[in-house]
Amino acid sequence: MSSQMEKAYQERLNRYVTALNVGKPDKVPIRLQISEFSAKYAGFTLQEIYYDAEKNIAAATKLIQDFDMDTCPGAPNLWWAPLHDAVGAKYLKFAGRDLEENRQFQYVEEEYMKPEDYDAFIADPTKWIMDCLLPRIHEEFAEPGSFRANMALVKGAAAMVMDTGAKAQAAQMWREQYGYPTSIAGMHKAPFDTLGDVLRALRGIMIDLRKRPDKVLAALDVLVDHNIFYGMATSGGNTTLPNFLPLHRGAYPFLNEKQWDTFYWPTLKKVIEGLWEKGIRTMFYAEGNWTPYLEKIAELPDKSIVFHVDQTDIDKAHKILGGRFCISGNVPNTLLSYGKPEEVSDYCKRLIDNYAADGGFIMDAAGVIQYDAKVENIRALVETTREYGVY
Amino acid sequence: MSSQMEKAYQERLNRYVTALNVGKPDKVPIRLQISEFSAKYAGFTLQEIYYDAEKNIAAATKLIQDFDMDTCPGAPNLWWAPLHDAVGAKYLKFAGRDLEENRQFQYVEEEYMKPEDYDAFIADPTKWIMDCLLPRIHEEFAEPGSFRANMALVKGAAAMVMDTGAKAQAAQMWREQYGYPTSIAGMHKAPFDTLGDVLRALRGIMIDLRKRPDKVLAALDVLVDHNIFYGMATSGGNTTLPNFLPLHRGAYPFLNEKQWDTFYWPTLKKVIEGLWEKGIRTMFYAEGNWTPYLEKIAELPDKSIVFHVDQTDIDKAHKILGGRFCISGNVPNTLLSYGKPEEVSDYCKRLIDNYAADGGFIMDAAGVIQYDAKVENIRALVETTREYGVY
Amino acid sequence: MTEINKGEVNRLPGTTVPWNEIVEKMEPIQGNRDMIKAEWEKLDAFAYIYLWWWVQR
Amino acid sequence: MTEINKGEVNRLPGTTVPWNEIVEKMEPIQGNRDMIKAEWEKLDAFAYIYLWWWVQR
C-alpha cells in the first residue's frame, strides 16, 4: 500500500468517525448510499450490475475516481443474481431476466411463512428456515434430498462465499488504490421487519397483530439474539464502521402508536443496545417518516446510532437527537432526480448552516440513490459540501 | 506490485518454462514439491498446517524467504481438515484429531464403490457420486435431505470456495511480494487411478480386472472426458504452468504389462493428449518405478508432459524421453532424510552433469518432501544447484 | 417432479444441471441471455468440481 | 438416526449443528481440541448465515 493512499484513507476515515462520534471534524463528511446510479454513471446496464461481479465493483470504483467523498458507496447490487438463479429463488425479479435490462429489481411479496408456522418458527427458527422456508422460496430446492436440491445448496453456499469474498477484496482495493473506507460493515434488521418483510409480508403481519399478537410477540423475542448475531457476523466484528439497519415497517404511519410501542420498538431497541454493548454502532437508516418516534429513539445510549433522515422532520430530529447522536441525510431524492444543480447546492448549504455547525452531521441523500438521479446534481451535492462544509 | 518483484517473477517463470519446453535456460531450475517439511521448517505442528489456513500459507512463505528456488512449493496441506470435519468425511485421518499432532495424514482404504455400482456409475457418474458415494463417505450426509445433510452440503461447498480462494490469494501474494510463481496449476488423474484409488480401492480393482474387465473398460472410457475437464477447471485455464498428475497404480509392478497396456495406458494417454490439445501440459509425476513403460510414454506428443523421475531408471528415461520431454527429479527422499549434505550435493552434481547439459531438466526431489527431510540437506540441494547448475 | 432421473439428462463433464434443463423455467428472458447462461454454467461447474473433488484426490 | 429433531438441540444464534453435538463423534481427540472447535464453529456460523440471509434481506 502506498503511504499516500494510506494517509488519504486515514484522513477520510477519521473525518467520518469523528462525525459518527458527534464530534467536529475538519470538514462535513460526505457519505452517499448509492445503488443503481453507479451503473448508469459507469455506463453499465443494470443487468450487468446484477450479473457481472467485476462490473459491479468497477461501477463503484468509477464513482470514487470521479467524486471526492469520504466513504466508498460500495458495489451497487444488493444481490448477485447468479446466486438467486442457482437456487431458483422466487422472491426477487432482476434486470435482464424477468425484467428489461435497465429496470430496477422487483420484490415479489407473498406470505412465505404461513400463520400455522409460528410455533415451529418460535421453537427453532434456524431449522424452520431450512426445512420449511427454503423449499418454498427456492424452486431448485423444492424437493430436499433430490439431486437438484442438493446442487442448489452446493451452488447457493458457494456463490455466497464468492460474492462476499469479491466484495471484501474490493473494499481492500478501494483502500489501497484509492484511499477510501467503506461506509458500513455488516447489516441487521429490526425483528419486526425480519418477520414482516420476507416472512409474513405486510398483509400477513397486519392480520397477525390483531389475530395472534402473542405469537407475534413470541417470535419477535426469539429474533432479538438472532438479529444481534447477524449484525455481528456480517460485520466480521468491525467496531469502527456502523452496521447498516434498513428500517421498513416502523415508518409512520404503517403502525399506530400503540402498535409501534408494543411490537416495533422494544425488540429493535434490544438489538441496537445488544450490538452497542459489543461496540457496534447502528446506522439507523430511517426510510420514510419517523417524526412521531423521535422521543422514543432518544432513549437509546448516546452515540449508539447515527440517525439517518429521509422524510423525518430534520428540524425536530436535530433538536431531539442532536448532540447525542450523529445525524445524516437528507437531500431529497426527488431533488436529485428532477431538480437543478443550484437547487441541490442551496439545499446542501441550508443543511450545513442549520444542522452541521456543531459537528455530528454527515451529508447524504435522503434515500439510496437509484437510476433516476442526475449526474450534475450528484456533482453539485459533493462539490458544494466540499467547498462550503469546512469547519 | 513493485517492478523489482515482477522482474524476479518473470525471471523465475521464464527459467522454469524454458526448461519445460526442453530448452536451455540460464540456470537449472529448482522446483521442489514439498508438503509436511514446510511445517517442520516453519515451526508449526502438522495439526496447524491441516487446520489453520493462515499458518498453512505462512509455512510456504517462510520457505521462499529462506531458499532461492524457481517456484513456490505451495501450501503444504493437500486437504484442509475443517472442510473434512464439516461433512464428516471418513476416508482421511488428520493430525490433531484422529492422530497425534505431528503425524502424517492417513488414508482409510475401502471399497467405497461396490461392484454392483458399475452400471449406475457408467450411466451417469456425476449423479452417482452425489446420490451414492457422498452418503457413504460423509457421515454428516448419511441421510440426504435431513437437516444435517443439508448443512453438510452448505458447509462443504463454502469451505471449498474458502480454501481455493485462500490459496489463490496466496499465489498472488507470493508473486507480488516475493517474485515467485507456483509450480503447478490444477490437477488431474489417470482414469485408472480415479477408479482404483478412492472408488474401488486396490483390492477391489484387482478383482475387477479378472471378474468384470468390460465394466472396468467402460468406466475408464467414461472417465476420460471427466478427467480432462477436471484438469482444465482446476487450473482455471492456465496454459503456462503444468497440470499436476500424481500417478499411483500405474507404477511397476502393480499391473502386469498386458494389464497396463489394456487398462492403464490407453485412457491416460487420451487424457494427456486431450489436455495438450487445449494447451495444457501435464506434470507426469511418476511415483515409484516406471522404467518398463518408457517406450510407451514416448508415444506422447513432444513437450506434452514433463516426466518426473522417482525410482524410474533416470538413465533410461533420459535416453528415451530426453530432448522431446523435460525431465525432473530425482534426488532420493531417503538421501534427504538420512544422508549428509555432501552426499546430497554430489548427487545433484551428478544429475546436472549427466542429464541437464542440453537443458530440459528441472532439479527436484524424487518424491514429495515430507516431515522427515533434514533442513541442511534441502539447503545443500538448493545451493549446489544454484552454484553448479549454471549454463 | 423436478428431479432429473438417470438417462433423461445428458450430463456432460462440468455440468450437474445443464443450462438447457433450466432455461425453459426462465423464459421469456428479457435481456442478455448469454450473460445469464455463462454465470449459470460457472456455478454449475463449481458444483460439478465439488462432487468430483472427493473422487479425484 | 443422525437427524437432529426440533427441541433436542439448543440451537443458539450462529449455530446449526452445535459443537457439543459433534464432538462426541470425534473423540478421542488426539491434539489441540480448541483449534478443531474454532474451525467447526466458523463453518457452522457460515451455514447459519447462509440460511438467515434469505430472511434478513
Side-chain angles (χ1 to χ4, degrees), chain A residues 78-79 83-84 87 89-92 105 107 112-113 119-131 133-134 136-138 141 153 156-161 163-164 186-191 193-195 197-199 222-234 245-246 248 274, chain D:
Chain A
L78 288 173
W79 301 281
L83 161 54
H84 283 242
V87 299
K90 284 190 277 199
Y91 68 44
L92 283 173
F105 73 88
Y107 179 67
Y112 297 111
M113 172 178 168
D119 290 341
F121 179 85
I122 290 161
D124 191 342
T126 303
K127 189 165 190 300
W128 178 85
I129 292 171
M130 177 86 263
D131 292 350
L133 181 68
L134 291 200
R136 286 180 200 160
I137 66 175
H138 293 174
F141 191 66
L153 289 178
M160 190 170 293
V161 179
D163 185 42
T164 308
M187 68 90 72
H188 65 283
K189 289 187 73 172
D193 285 338
T194 303
L195 194 63
D197 283 355
V198 169
L199 295 176
V222 163
L223 281 167
V224 168
D225 287 345
H226 287 281
N227 287 19
I228 291 172
F229 183 87
Y230 196 84
M232 279 174 29
T234 53
L245 170 66
H248 297 154
Chain D
M1 186 69 176
T2 59
E3 176 66 329
I4 293 178
N5 292 315
K6 196 176 62 190
E8 287 181 9
V9 174
N10 184 14
R11 216 182 312 276
L12 293 174
T15 66
T16 71
V17 182
W19 169 251
N20 59 15
E21 296 287 315
I22 211 73
V23 65
E24 292 162 27
K25 283 164 64 174
M26 292 192 184
E27 298 288 6
I29 288 175
Q30 302 288 326
N32 181 332
R33 167 181 304 259
D34 291 343
M35 201 186 303
I36 298 171
K37 178 171 185 276
E39 295 295 329
W40 174 271
E41 289 180 341
K42 270 189 234 167
L43 287 174
D44 198 51
F46 169 80
Y48 170 91
I49 291 291
Y50 178 75
L51 296 180
W52 282 82
W53 188 81
W54 297 101
V55 171
Q56 305 283 25
R57 60 168 287 277

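A note on names: the letters A, B, ... follow the listed sequences, proteins ahead of strands, and every chain is numbered from 1.
- If you measure heavy-atom distances from A/W79 to chain D, the contacts under 4.5 Å come from the side chain alone.
- Rounding to the nearest 0.5 Å gives a distance of 11.5 Å between OG1 of D/T16 and CD1 of A/I129.
- A 4.5 Å side-chain heavy-atom check between A/T126 and D/W52 finds at least one atom pair inside the cut-off.
- Heavy-atom distances place no part of A/P246 under 4.5 Å from chain D, backbone and side chain included.
- Neither the backbone nor the side chain of A/M113 comes within contact range of chain D; no heavy atoms are under 4.5 Å apart.
- A 4.5 Å side-chain heavy-atom check between D/W54 and A/Y112 finds every atom pair outside the cut-off.
- Counting heavy atoms from C-beta on, the side chains of A/V161 and D/Y50 never come closer than 4.5 Å.
- Looking at A/I137, only its side chain comes within 4.5 Å of chain D, counting heavy atoms on both sides.
- Counting heavy atoms from C-beta on, the side chains of D/Q56 and A/N227 come closer than 4.5 Å.
- Within the 4.5 angstrom heavy-atom criterion, only side-chain atoms of A/H138, from C-beta onward, approach chain D.
- D/I49 and A/T234 make their closest contact through CD1-CG2, 4.4 Å (heavy atoms, listed as atom of the first residue, atom of the second, distance).
- Rounding to the nearest 0.5 angstrom, the gap separating the CZ atom in D/R57 from the NE2 atom in A/H248 is 7.0 Å.
- Close placement of the A/H84 and D/W53 rings is indicated, their centers lying within 6.0 Å of each other.
- Within the 4.5 angstrom heavy-atom criterion, only side-chain atoms of A/V87, from C-beta onward, approach chain D.
- For A/L133, the part lying under 4.5 angstrom from a heavy atom of chain D is the side chain only.
- When each of A/T164, A/L153, A/L83 is scored by its heavy-atom pairs under 4.5 Å with chain D, the top score falls to A/L83.
- Not a single donor-acceptor pair under 3.5 Å links the side chain of D/Y48 to the backbone N or O of A/F229.
- Within the model, atoms NE2 of A/H226 and CG of D/L12 stand 8.0 Å from one another, a figure rounded to the nearest 0.5 Å.
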